Amino acid sequence: MDIISQNKCSLSGMLFGAIALIISIFHFSFGPLSAPPPTLESVVAKQVSAVKKGIIAGLRDESPAVAEEKSAVDIDMILDNSGIALAVIALVCAFIAGMRKENGWSIRGALIFGGGTLAFHALLFGIGVVCGIVLLILIFSFLTGNSPV
């Protein structure tokens with residue numbers, strides 16, 4: 001119990017970092033969790049229906065009913081942002097623990113968990129950018145007739 005009381009910041013940083021890493025890996029493995037966006041046909045049908053109701057209400061000298069749209073909660077964005085925020089909190093806790101001269105092992109653990117989470121997000125972003133560039137190069141090569149395949 002004495003170890004926990006001496007290393008509060010670094011152990012809380014390890015906890016926040018571990019939670020952030022678990023959230024990130026869970027979301028990467030099982031995501032996306034939010035509902036897919038509506039199809040183009042359904043959006044156009046809703047807009048046409050709203051215009052039709054507005055015209056009919058205008059011809060009858062009534063005020064058209066305004067439909068309020070509910071903003072859907074994006075679970076994927078919440079998970080990503082909470083994971084990054086927890087990783088940053090873990091790094092801040094590791095910095096504070098280093099200033100307080102806490103145990104080096106627990107400081108390194110907080111740094112590894114927090115930095116690992118941020119590195120995981122950066123790696124995924126980098127892989128997406130590289131795949132996008134390769135896809136653009138392939139599309140341009142097929143359009144110009146210089147296909148490598």
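These numbers come from a predicted model, not from an experiment.
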For this session: Using the side chain to side chain contact (heavy atoms under 4.5 Å, CB included) rule, take His121 and Ile84 through it: C-alpha gap first, then chi angles, then the decisive distance, then the call.
Result: CA-CA 8 Å; His121 281 281; Ile84 291 172; 3.9 Å; yes
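- With hydrogens and angles disregarded, no donor-acceptor distance shorter than 3.5 Å links the side chain of Ser29 to the backbone of Phe26.
- With sequence neighbours left out, the salt bridge (Lys or Arg N to Asp or Glu O under 4.0 Å) criterion links Arg100 to Glu102.
- Expressed to the nearest 0.5 Å, how far OG of Ser106 lies from NZ of Lys8 amounts to 13.5 Å.
- Residues Ile107 and Leu15 fall into different hydrophobic clusters, defined by Ile, Leu, Val, Met, Phe, Trp and Tyr side chains chained together at heavy-atom separations under 4.5 Å.
- Taking the side chain as every heavy atom from C-beta outward, Cys93 and Ile96 never approach each other to under 4.5 Å.
- Atoms CG and OG, from Leu86 and Ser24 in turn, are 9.0 Å apart once rounded to the nearest 0.5 Å.
- Linking Ile, Leu, Val, Met, Phe, Trp and Tyr residues whenever their side-chain heavy atoms come within less than 4.5 Å leaves Leu11 and Ile22 in two separate clusters.
- No chain of hydrophobic side-chain contacts below 4.5 Å, direct or via other Ile, Leu, Val, Met, Phe, Trp or Tyr residues, connects Ile112 to Val92.
- Taking OG of Ser34 as the reference point, atom CD1 of Ile78 lies at 9.5 Å (rounded to 0.5 Å).
- Between the side chain of Thr117 and the backbone N or O of Leu21, at least one donor-acceptor pair lies under 3.5 Å.
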Distance-only donor-acceptor hits, side chain of residues 40-54, under 3.5 Å, sequence neighbours excluded:
residue : atom : partner : partner atom : Å
Ser42   : OG   : Thr39   : N            : 3.4
Ser42   : OG   : Thr39   : O            : 2.9
Ser42   : OG   : Thr39   : OG1          : 3.4

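- Side-chain contact between Leu118 and Leu91: present, with at least one pair of heavy atoms (C-beta onward) separated by less than 4.5 Å.
- Distance alone, capped at 3.5 Å, places no donor-acceptor pair between the Asp76 side chain and the Pro32 backbone.
- Side-chain rings of Phe120 and Phe28 approach one another, their centers coming within less than 6.0 Å.
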